[in-house]
Amino acid sequence: MAERAFALKGGSNPFFPTRRITEEGRKFIYKELASEHKESMRMSEKRSLDLSPAVLGFDPLTLRRKYSEERNKRLTDAGNEQYLEITGHHSRFEQDSASTGPSSRNPVDEKIDALIIGGGIGGLLAAVRLQKIGLNNIRIIDKAGDFGGTWYWNRYPGAQCDTEAYIYMPLLEETGYVPKERYAYQPEIFQHMQRIGRHFCLYEKSFFRTRVQEGRWSEDTGRWLVTTDHGDKFNTRFLIMSSGPLHRPKLPALAGISDFTGHCFHTSRWDYSYTGGSSSGGLTKLGDKTVGVIGTGATGIQVVPHVAPYAKRLFLFQRTPASVDERNNTLTDPDWARSLKPGWQAERDENFCSIMAGLPVKKDLVNDKWTDFFKLTYRILDTGEPSDLPESTVALAREVADYQKGNEIRDRVSRMVRDSKTAEALKPWYGQWCKRPAFHDEYLQSFNRSNVELIDTDGKGVDRITARGVVANGIEYAIDCLIFATGFEVGTAYTRRSECELYGRNGKTLSDAWSEGMRTFHGFLSHGFPNCFHTGLTQTGAAFNYTYTASKQAEHLAYLVDEAIKRGAKTIEASKEAEEKWVNLVRAPGPMRKYQESCTPGYYNSEGKNDGNGFIDNQYPLGPVPFFQLLANWREEGHLIGLNLN
Ligand code: NDP
């Protein structure tokens, strides 16, 4: 089998950028860092980097020890078992209060060319691409009441995308839309998803408030039969799974969680009938309420500045502090928008994702706090790009840059938060890529309010829930309203997260086929499940800008569908060998897994277990830009190596 289907040379790792760090390089770094008395570290023949505490202004070794201590405090055996699945009694936490359409309708029985499950960014882009190749007899179904995916569900006050809108909001040039500001809020992104739906005539092809029950492959017809909770029967030639990577809300499995008698909801199902206001804020009904928020991830930190000014009292329960950098939002400059040349969005996106993958670029077009880290690395190396320095030098510079970034983040906390004890508790002690970095200009200041109290649990988390409130550090905090900002399922079975079972060849379930983890070729097709394509973070090139991954995936899957049709094939399917080889490639522990081994637990590293089921696992090790280049080369060859067409 041609190696081009798997090429793994040069390039970089998605989260821990630049070229692969060799094992020798790692040993070298740690040997060097461990020699505490060494004043100057001569890292290469070409360049001498003086990384002594006297020059740096901090001691990397002290930080390494501190990070390790903080991590050890948080390690538990529970892993994902510390979370509750939202089923049975808890299914109230995922009820859709935003939908305004009718909940019942007549079932449909249709023969179609493609069925897309999921109307978020991935599903919409897939639909647009399929229409582009002339496949118009398609349907999209979604359990939500509209398009939008993440941006349909997450309407909590202050919900905003941390990735620049100019690259995050897809199809801007095609729809003629210019975002109002650099970092868009939920309403604008949601409206843009609706705009895409209208612009590409997708509403008339979609069924909302519709849950898939199952998909069954028929050998006789060479088609999938997909049934839904409305009694629909979709007889489809191609099936596209696009249910999204962070889709199912999760709750902490805390004792007493069902006993709480106050009001309670998850951030992805914000209850404005209780809080008042809208996603822009104004939670006026909270004036006489004591509110508890559990969770300080990217969501929790956006919610707090909106609850704080309105609630009588706010307790924020913290297990691990977020790393919160500056947001620096700005309104879009109309002159800049007018100056953009056709193709600007793809160019900007490619530039951002290249920098984030540690690849050399001439200019940093986005130039924000995401790309900041890489500039720090280059500053240490005194070069504009990784150039031809030895791996070990670059890796050491990255480790030091990581500490420097952490210091910046912690200094910022000291500057913003008046009470020194609270400030200390808000400081994160882990590497920049251990958890999803967050960005906000009002979060930290919320703790200067007299009605806001940080309940830091020093890594232990909340003890339990009672009828009256939350117990943390052995103290019961009575509250009226409890808000879970506790995130979404990661690392659980794929069919559980996508909420439907697929029956492939010989009736084999996808749950069985993937009982030991996901199995695909290039992240799209699986052996035994012909004509069924997966999109999302499925053994693919995971980019920090999800839209980059989703749009490149849509392009590739449309190519595959087109080729199957053009070549007169009834089925297109991954060969067993290609799938096996791809699975081995994406599962091999890369540098990011190694980096994550020293990280505080979270959903990136499978809650500290590093067992290959974390968010960062199962991806092409060199990162998204090289991955999609690999696919482009593979397409250019035109042999569809690794696939069986019959
Ligand atoms: P996360 O999983 O990132 O955060 C969950 C939080 O709940 C963590 O702080 C976790 O603590 C805490 N937690 C869990 N169990 C307990 C417990 N028993 N006691 C106390 N605290 C607990 O979820 P989010 O919803 O914040 O974010 C999910 C992802 O969604 C983000 O990482 C990002 O990818 C995306 N997102 C993007 C946004 C954007 O672009 N602006 C905005 C919001 C989300 P611990 O850290 O200790 O595990």
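Bear in mind the structure is a predicted one, so any value in this text is a computation, not a measurement. When a ligand or atom number is given, it counts from 1 through the structure's own listing order.
Side-chain contact between Met193 and Ile189: present, with at least one pair of heavy atoms (C-beta onward) separated by less than 4.5 Å.
Evaluation of the disulfide (SG to SG under 2.5 Å) rule for Cys599 yields Cys434 as partners, not counting sequence neighbours. Tyr603 meets the ring-ring contact (aromatic ring centres under 6.0 Å, His included) test with Phe615; sequence neighbours excluded. Not counting sequence neighbours, Glu442 has no partner by the salt bridge (charged side-chain N to carboxylate O under 4.0 Å, His left out) test.
Between Trp370 and Phe544, the two ring planes are tilted [angle within 30° to 60°].
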Filter the ligand 1-protein atom pairs down to N or O on both sides and distance under 3.5 Å, then list them.
residue  : atom   : partner : partner atom : Å
ligand 1 : 9 (O)  : Thr296  : N            : 2.9
ligand 1 : 9 (O)  : Thr296  : OG1          : 3.4
ligand 1 : 9 (O)  : Gly297  : N            : 3.3
ligand 1 : 19 (N) : Val462  : N            : 3.1
ligand 1 : 25 (O) : Thr299  : OG1          : 2.6
ligand 1 : 26 (O) : Ala298  : N            : 3.1
ligand 1 : 26 (O) : Thr299  : N            : 2.9
ligand 1 : 26 (O) : Thr299  : OG1          : 3.3
ligand 1 : 32 (O) : Tyr603  : OH           : 2.5
ligand 1 : 34 (O) : Tyr603  : OH           : 3.3
ligand 1 : 40 (O) : Asp162  : N            : 2.9
ligand 1 : 40 (O) : Arg436  : NH2          : 2.9
ligand 1 : 41 (N) : Gln160  : O            : 2.5
ligand 1 : 41 (N) : Asp162  : N            : 3.4
ligand 1 : 41 (N) : Asp162  : OD1          : 3.2
ligand 1 : 41 (N) : Asp162  : OD2          : 3.1
ligand 1 : 41 (N) : Gln302  : NE2          : 3.1
ligand 1 : 46 (O) : Lys435  : NZ           : 2.7
ligand 1 : 47 (O) : Arg319  : NE           : 2.8
ligand 1 : 47 (O) : Thr320  : OG1          : 2.6
ligand 1 : 48 (O) : Arg319  : NH2          : 2.9

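At least one donor-acceptor pair under 3.5 Å links the side chain of Thr332 to the backbone N or O of Pro179.
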